[in-house]
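Reviewing the structure listed below.
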Amino acid sequence: MSTNVSPAHDPLLFTPGPLTTSLTVKQRMLRDIGSWERDFAVLVSDLRSRLLNVAGLPRDGEWTAVLLQGSGTYGVEAVLQTCVPPKGKVAVLANGAYGERLAQILEYARIQHVVLRDPEDAPVNPETLDQCLANDRDITHVAVVHCETTTGMLNPIEEIGTVVKRHGRIFIVDAMSSFGGMQIDFEACAIDYLVSSANKCIEGVPGFSCVFCRKALLLGCAGWSRSLSLDLVAQFKAFEQDGKFRFTPPTHALLAFQQALAELNAEGGVAGRNLRYRRNHSVLHSGMLRLGFSPFLDSPFQSPFISAFHYPRDFEFNFGVFHEKLRQRGFVIYPGKLTRVDTFRIGTIGRIFEADILALLSAIRDVLAELGIIMTPTLDALQTMPECE
Ligand SMILES: *Cc1c(COP(=O)(O)O)cnc(C)c1O
């Protein structure tokens with residue numbers, strides 16, 4: 001059974017974040033700590049060094065983890081608007097809403113960019129990028145989303161990174177919904193900047209994002225930031241000088257995060273967590289097939305973190321009603337974000353376990369019956385028996 005007892009009896013969140021967190025993570029926030037206390041500087045430095053560990057990066061002083069107040073988007077925006085020089089140009093690879101957001105950030109910051117688009121059901125293409133970089137010498141940086149949370153697609157960052165490196169450009173990866181949930185090899189992927197946040201696979205509460213990069217590379221960007229609060233160089237320098245955030249830190253979220261990191265460790269680190277998420281995903285996937293749903297992605301690129309499903313065919317399907325009936329039973333699912341087809345999404349990350357997925361599937365079956373939606377699973381689906389039976 002799950003360990004996510006919530007004193008408020010909140011429903012379980014099958015979403016891409018904020019997520020269901022453990023009771024112990026929530027309990028760690030029952031404190032008030034001042035940001036000028038020595039304890040606080042110790043906490044921040046402990047978190048930054050443990051994060052390097054989770055990332056599998058050496059703690060020899062070359063790499064750093066810079067924390068920034070705000071949700072994940074703030075971290076991505078901080079990297080793009082701090083680390084691209086005034087005359088720089090970014091190639092964005094996009095196959096979903098989060099890829100489009102990278103382009104939107106550049107648009108706002110008035111940074112030159114090109115967007116290389118692929119369909120939402122296909123991974124981004126390293127060959128298109130190769131040609132683009134060969135033809136356009138002005139491009140200084142390449143940005144891509146690792147797990148495109150719109151569909152759950154895992155983009156091939158190692159192939160992309162290899163191309164970026166061959167052309168000698170800087171590589172920025174938004175690994176918001178994958179970091180901590182699977183091993184990412186910074187070296188093999190030739191990653192220069194990687195962004196994640198507190199409330200995805202590490203299972204903390206929302207409040208800050210985290211940027212991994214080489215100190216020397218970051219320091220070379222001094223003076224380029226177009227924003228005061230999103231200046232990543234200034235943020236990093238403040239951490240190095242006195243261990244402090246420049247502006248009010250999310251103290252409670254940082255405390256919760258320390259507990260979340262301890263729980264990640266207790267689960268066997270990233271490998272252990274990856275195992276649970278893969279299990280969650282496979283139970284969900286086979287269960288949904290047997291209920292008659294079809295997943296949007298039918299590919300080896302599907303991540304274990306979140307999945308998109310088509311609306312039931314041949315029925316008047318009202319997602320709002322479906323969502324509400326599930327919520328009343330204690331389960332929160334997520335709307336779709338695709339541009340051309342109707343989908344809804346189910347996340348398999350956060351403090352949720354196989355038993356929770358099975359309970360969700362049984363609630364979905366009940367709600368479908370109540371709504372008079374009768375779907376026939378394909379023969380293939382019927383043969384996909386869940387591994388647990
Ligand atoms: C969650 C997420 C973000 C950040 O979204 P916020 O709402 O700002 O936390 C960015 N990119 C991806 C791929 C994400 O999944």
Side-chain angles (χ1 to χ4, degrees), residues 13-21 66-81 90 92-109 115 117-118 120 123-124 142-157 160 171-182 184 189 191 193-212 227 229-230 232 250 253-254 256-257 260 277 281 296-297 301-308 332-339 343-350:
L13 302 174
F14 295 84
T15 63
L19 307 169
T20 293
T21 56
V66 187
L67 309 181
L68 183 77
Q69 299 93 325
S71 75
T73 305
Y74 291 66
V76 177
E77 187 151 7
V79 169
L80 290 171
Q81 72 83 41
V90 184
V92 174
L93 301 166
N95 56 349
Y98 293 89
E100 294 299 331
R101 188 178 296 174
L102 297 174
Q104 202 183 4
I105 288 170
L106 294 164
E107 192 81 46
Y108 265 72
V115 187
R117 288 191 176 84
D118 277 291
E120 287 163 326
V124 297
V142 174
V144 72
V145 173
H146 184 207
C147 173
E148 178 46 83
T149 315
T150 318
T151 53
M153 168 83 71
L154 268 184
N155 278 318
I157 52 170
I160 300 288
F171 191 28
I172 300 167
V173 178
D174 168 352
M176 213 65 70
S177 58
S178 54
F179 180 78
M182 65 184 284
I184 298 173
C189 299
I191 296 169
Y193 295 94
L194 182 138
V195 190
S196 192
S197 90
N199 63 285
K200 301 238 168 157
C201 296
I202 308 279
E203 302 186 355
V205 305
F208 62 95
S209 57
C210 174
V211 178
F212 297 94
S227 151
S229 57
L230 297 179
L232 207 62
L254 292 162
F257 195 68
Y277 288 168
H281 174 261
F296 175 73
L297 286 186
F301 299 102
Q302 169 71 60
S303 73
F305 310 121
I306 189 162
S307 312
V332 168
I333 63 166
Y334 218 58
K337 210 172 186 173
L338 286 165
T339 44
T343 55
F344 61 88
R345 291 180 288 172
I346 300 182
T348 35
I349 60 178

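Atoms within each ligand, like the ligands themselves, are counted from 1 in listed order. Being a predicted model, the structure only gives us computed values, none of them experimental. Along the sequence shown, residues are numbered consecutively beginning with 1.
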How long is the straight-line distance from CG of L232 back to CD of E77, given to the nearest 0.5 Å?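 Taking CD in E77 and CG in L232, the distance rounds to 12.0 Å.
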Could you list the atoms of ligand 1 found under 4.0 angstrom from a heavy atom of [X]?
{"X": "S71", "answer": "6 (P), 8 (O), 9 (O)"}
{"X": "S177", "answer": "15 (O)"}
{"X": "G72", "answer": "4 (C), 6 (P), 8 (O), 9 (O)"}
{"X": "T73", "answer": "4 (C), 5 (O), 6 (P), 8 (O)"}
{"X": "V145", "answer": "13 (C)"}

Ignoring hydrogens and angles, tell me if any N or O in the side chain of [X] forms a donor-acceptor pair with the backbone of [Y] under 3.5 Å.
{"X": "N155", "Y": "P123", "result": "no"}
{"X": "E148", "Y": "G99", "result": "yes"}
{"X": "T15", "Y": "P18", "result": "yes"}
{"X": "R345", "Y": "T149", "result": "yes"}

Cation-pi check for Y98 against K337: NZ or CZ below 6.0 Å from the six-membered ring centre and within 45 degrees of the axis, yes or no?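 Yes.
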N/O to N/O below 3.5 Å, does that happen between [X] and ligand 1?
{"X": "N199", "result": "no"}
{"X": "D174", "result": "yes"}
{"X": "T149", "result": "yes"}

Looking only at heavy atoms, is any part of E148 under 4.0 Å from ligand 1, and if so is it the side chain, the backbone, or both, or is it neither?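 Neither; nothing of E148 gets under 4.0 Å from ligand 1.
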So which heavy atom in the protein is nearest atom 14 (C) of ligand 1, and how far is it from that ligand atom?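 Nearest neighbour among protein heavy atoms for atom 14 (C) of ligand 1, to 0.1 Å: K200 NZ, 3.0 Å.
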I'd like to know whether ligand 1 has C147 as a neighbour, heavy-atom separation below 4.0 Å.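 Flag set, C147 near ligand 1.
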Ring centres under 6.0 Å, that's the criterion: do F208 and Y74 meet it?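 Between Y74 and F208, which both carry aromatic rings, the centre distance is not below 6.0 Å.
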Any chance the side chains of H281 and T348 put a donor and an acceptor closer than 3.5 Å?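 No, because no side-chain N or O of H281 sits under 3.5 Å from a partner of the opposite role on T348.
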May I ask which of E77, R101, H146, M176 has a heavy atom nearer to atom 5 (O) of ligand 1 than the others do?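 Heavy atom nearest to atom 5 (O) of ligand 1 belongs to R101.
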